[in-house]
Enquirer: 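Pasting a structure here, questions to come.
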Amino acid sequence: MSMSRPLIGVTLDSEPGAPDDGAYSRFPWYALRRNYMDAIADAGGIPVALSHRQDLAAETLERLDGLVVTGGAFDVDPALYGAATRHDSVTLKSGRTRAELALLRLAIARDLPVLGICGGQQLLAVCLGGTLIQHIPDALPGALAHEQPNPRDQPGHEVAIVPGTLLARVTGAERMAVNSAHHQAVRTPGRAVVCAFAPDGVIEAIEYPGHPFCLGVQWHPEFAISMGDGRIFSALIDASGSR
């Protein structure tokens, strides 16, 4: 890693604001769990929050050494991956998605290290030409409870890591216990390759071959459920610091 800490951009969630119901603000606001930022800082990076200004994506990336696309309680618009219908469970945050897609496309084109987390992994798959399962319980009736009932800072299930992949090299593991908080999943990875599966066959991680560091994980490694989670952030920082 270079002497200075690499600057890592972190995408934010957004809310429209709501009066008189105890919301944070009457006006639109951004939000992010603190542990995203802490995981990056603890791994040796400097986390900075990114706005949803799509028009600033190119200039923003010129100043960054790496990018983390976070998750949230919303979905990628099925129209972006060619689906003719939208499941009733799908909710959108179109402004956020447009901004994150702009950042992802430019970051991939510029070989900027990228980590997609949960919904960020799903958007990465779509960015690389993949498709999504819109609602796991309907598409895979025998699937695990991917919206785990226990707290998010506890494991929900294990994943099997594909040998020889970037994820296998980074974590040094064949299996990992992970948390699980999603009703959608990657159906086809497009130009990416799959690097981890849940026991029910659901895709849990993807990576983009030939890119210096482009990884997406379906779980939330910022909760540090296992040693492998911390190693994912350390690998991102190492890749970002060596640019």
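Note that the coordinates shown come from a computational prediction; the quantities given were computed from them, not determined experimentally. Each residue takes its place number in the sequence, starting with 1.
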Enquirer: Under 4.5 Å between side-chain heavy atoms, counting indirect links through other Ile/Leu/Val/Met/Phe/Trp/Tyr residues: same cluster for V194 and V76 or not?
Expert: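 Yes, V194 and V76 fall within the same hydrophobic cluster.
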Enquirer: Output every pair passing salt bridge (Lys or Arg N to Asp or Glu O under 4.0 Å) with a member in residues 146-166, not counting sequence neighbours, ordered by first then second residue.
Expert: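 Every pair satisfying salt bridge (Lys or Arg N to Asp or Glu O under 4.0 Å) with a residue in residues 146-166: E147-R152, E158-R175.
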Enquirer: Determine, step by step, whether S180 and L144 satisfy the side-chain contact (heavy atoms from CB on, under 4.5 Å) criterion, reporting the C-alpha distance in whole Å, the side-chain angles of both residues, the deciding distance to 0.1 Å, and the verdict.
Expert: CA-CA 10 Å; S180 193; L144 297 170; over 6 Å; no
Enquirer: What's the spacing between L101 CG and L80 CG if we round to 0.5 Å?
Expert: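 L101 CG to L80 CG: 6.0 Å, rounded to 0.5 Å.
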Enquirer: Judged by atom type as modelled, is there a donor-acceptor pair below 3.5 Å linking the side chain of H52 to the main-chain atoms of L12?
Expert: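 Yes; at least one donor-acceptor contact below 3.5 Å.
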Enquirer: Taking atom types as modelled, find out whether H220 and E222 have a side-chain donor-acceptor pair closer than 3.5 angstrom.
Expert: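 The answer is yes; a qualifying pair exists.
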Enquirer: Taking only residues two or more places apart in sequence or in another chain, which ones pass side-chain hydrogen bond (donor to acceptor under 3.5 Å, both in side chains) with R169?
Expert: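 So R169 forms no side-chain hydrogen bond (donor to acceptor under 3.5 Å, both in side chains) with any residue.
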Enquirer: Please name all residues satisfying salt bridge (Lys or Arg N to Asp or Glu O under 4.0 Å) with R110, sequence neighbours left out, ordered by chain then number.
Expert: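 With sequence neighbours excluded, R110 shows a salt bridge (Lys or Arg N to Asp or Glu O under 4.0 Å) to no residue whatsoever.
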Enquirer: Mind checking what makes side-chain hydrogen bond (donor to acceptor under 3.5 Å, both in side chains) contact with D138, not counting sequence neighbours?
Expert: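 Checked D138 against side-chain hydrogen bond (donor to acceptor under 3.5 Å, both in side chains); matches are H87.
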Enquirer: Which residue is it: L50, L32, L115? I am looking for the one with a side chain to side chain contact (heavy atoms under 4.5 Å, CB included) to V10.
Expert: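 Single pass found, and it is L32.
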Enquirer: Within the distance-only criterion (no hydrogens, no angle test), does the side chain of S234 pair as donor or acceptor with the backbone N or O of A43 below 3.5 angstrom?
Expert: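 Not a single qualifying donor-acceptor pair exists.
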Enquirer: At what distance, to the nearest 0.5 angstrom, does CG of L166 lie from SG of C195?
Expert: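 Here the interatomic distance stands at 7.0 Å.
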Enquirer: Does the side chain of Y81 reach to within under 4.5 Å of the side chain of L132, using non-hydrogen atoms?
Expert: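 They are in contact (side-chain heavy atoms under 4.5 Å apart), so the answer is yes.
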Enquirer: In the hydrophobic clustering that connects Ile, Leu, Val, Met, Phe, Trp and Tyr at side-chain heavy-atom distances below 4.5 Å, which members other than I133 occupy its cluster, ordered by chain and number?
Expert: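 Members other than I133 - counting any ILVMFWY side chain reachable under 4.5 Å - are I136, L140, V202.
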Enquirer: Is there a donor-acceptor pair closer than 3.5 Å between any side-chain N or O of Q148 and the backbone N or O of Q154?
Expert: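 Yes, the answer is positive, given that a donor and an acceptor are paired below the 3.5 Å cut-off.
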Enquirer: Can you give me the closest heavy-atom contact between C118 and A181, atom names plus distance?
Expert: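 In this case the closest contact between C118 and A181 is SG-O, 3.7 Å.
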Enquirer: Using links of under 4.5 Å between side-chain heavy atoms of ILVMFWY residues, direct or through other members, which residues join I225 in one cluster?
Expert: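 Members alongside I225: F223.
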Enquirer: To the nearest 0.5 Å, what is the distance between CZ (R191) and OH (Y208)?
Expert: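 Here the rounded value is 4.5 Å.
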Enquirer: If you look at every heavy atom in P47 and M37, which pair is closest and at what distance?
Expert: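 Looking at all heavy atoms of both residues, the closest pair is CB-SD, 3.2 Å.
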Enquirer: Examine distances only and state if a side-chain atom of Q122 and a backbone atom of Q184 form a donor-acceptor pair shorter than 3.5 Å.
Expert: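 Between the backbone of Q184 and the side chain of Q122 there is a qualifying donor-acceptor contact (under 3.5 Å).
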Enquirer: What is the distance from atom OG of S240 to atom CG of L112, rounded to the nearest 0.5 Å?
Expert: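 One finds 6.5 Å between OG of S240 and CG of L112.
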Enquirer: How far apart are the C-alpha atoms of H157 and V178, what are their side-chain angles, what is the distance that settles it, and do they pass the side-chain contact (heavy atoms from CB on, under 4.5 Å) test?
Expert: CA-CA 6 Å; H157 60 77; V178 301; 3.7 Å; yes
Enquirer: First locate atom CD1 of I237, then atom CZ of F213, and finally report the distance between them rounded to the nearest 0.5 Å.
Expert: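 So the gap between those two atoms works out to 9.0 Å.
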Enquirer: Test of understanding: clusters of I, L, V, M, F, W, Y form through side-chain heavy atoms closer than 4.5 Å, transitively. Do W219 and F233 belong to the same one?
Expert: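 Result: yes, single cluster for both.
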Enquirer: Of all heavy-atom pairs between I117 and P221, which one has the smallest distance, and what is that distance?
Expert: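 Scanning both residues completely, I find the closest heavy atoms to be CG2-CD, 4.0 Å.
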Enquirer: Shared ILVMFWY cluster between V69 and L215, side chains joined below 4.5 angstrom?
Expert: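 No; L215 is not reachable from V69 via cluster members.
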Enquirer: Side-chain atoms of residues 60-68: list all donor-acceptor pairs with protein atoms under 3.5 Å, sequence neighbours left out, distances to 0.1 Å.
Expert:
from	atom 1	to	atom 2	distance (Å)
T60	OG1	L56	O	2.7
R63	NH1	E59	O	2.9
D65	OD2	L7	N	2.8

Enquirer: Provide the closest heavy-atom pair for V186 versus I203 in the form atom of the first, atom of the second, distance.
Expert: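 Nearest heavy atoms, V186 then I203: O-CD1, 3.5 Å.
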Enquirer: Looking only at non-hydrogen atoms, find the nearest pair between L104 and C127 and report the distance.
Expert: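 Residues L104 and C127, closest heavy atoms: CB-SG, 4.0 Å.
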Enquirer: With clusters defined by side-chain heavy atoms of hydrophobic residues (ILVMFWY) lying less than 4.5 Å apart, directly or transitively, does V159 cluster with F197?
Expert: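 No, separate clusters.
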Enquirer: What are the two closest heavy atoms between L236 and P113, and how far apart are they?
Expert: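 Scanning both residues completely, I find the closest heavy atoms to be CD1-CB, 3.9 Å.
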Enquirer: Who clusters with L92? Use side-chain heavy atoms, under 4.5 angstrom, across I, L, V, M, F, W and Y, and order the result by chain and number.
Expert: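 Direct or chained contacts put L92 with V90.
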Enquirer: Apart from W29 itself, what residues make up its hydrophobic cluster, given side-chain heavy atom links below 4.5 Å?
Expert: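 Traced through the cluster, W29 reaches Y24.
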Enquirer: I'd like to check the salt bridge (Lys or Arg N to Asp or Glu O under 4.0 Å) partners of D200; sequence neighbours left out, ordered by chain and number.
Expert: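 D200 satisfies salt bridge (Lys or Arg N to Asp or Glu O under 4.0 Å) with no other residue.
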Enquirer: R98: what forms a salt bridge (Lys or Arg N to Asp or Glu O under 4.0 Å) with it, not counting sequence neighbours?
Expert: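 With neighbours one apart ignored, the set is empty.
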Enquirer: Enter the distance from T97:OG1 to D77:CG here, rounded to the nearest 0.5 Å.
Expert: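 Reported value, rounded in 0.5 Å steps: 7.5 Å.
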Enquirer: Excluding sequence neighbours, so at least two apart, what forms salt bridge (Lys or Arg N to Asp or Glu O under 4.0 Å) with D13?
Expert: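 With sequence neighbours excluded, D13 shows a salt bridge (Lys or Arg N to Asp or Glu O under 4.0 Å) to K93, R96, given in chain and number order.
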Enquirer: Under the 3.5 angstrom rule, does the side chain of Q134 hit a backbone N or O of D75 as a donor-acceptor pair?
Expert: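 A pair under 3.5 Å: no.
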Enquirer: For the pair D229 (side chain) and S226 (backbone), establish whether a donor and an acceptor sit closer than 3.5 Å, ignoring hydrogens and angles.
Expert: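 At least one qualifying donor-acceptor pair exists.
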Enquirer: Verify whether one side chain among H135 and D88 offers a donor that lies under 3.5 Å from an acceptor in the other.
Expert: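 Note: H135 and D88 side chains miss the donor-acceptor criterion.
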Enquirer: With the 4.5 Å side-chain cut-off for hydrophobic clustering, are V217 and L123 part of the same group?
Expert: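 Shared cluster, no.
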Enquirer: Under 3.5 Å, is there a donor-acceptor pair between the side chain of E207 and the main chain of L167?
Expert: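 Side chain of E207 to backbone of L167, a donor-acceptor pair under 3.5 Å: yes, one is there.
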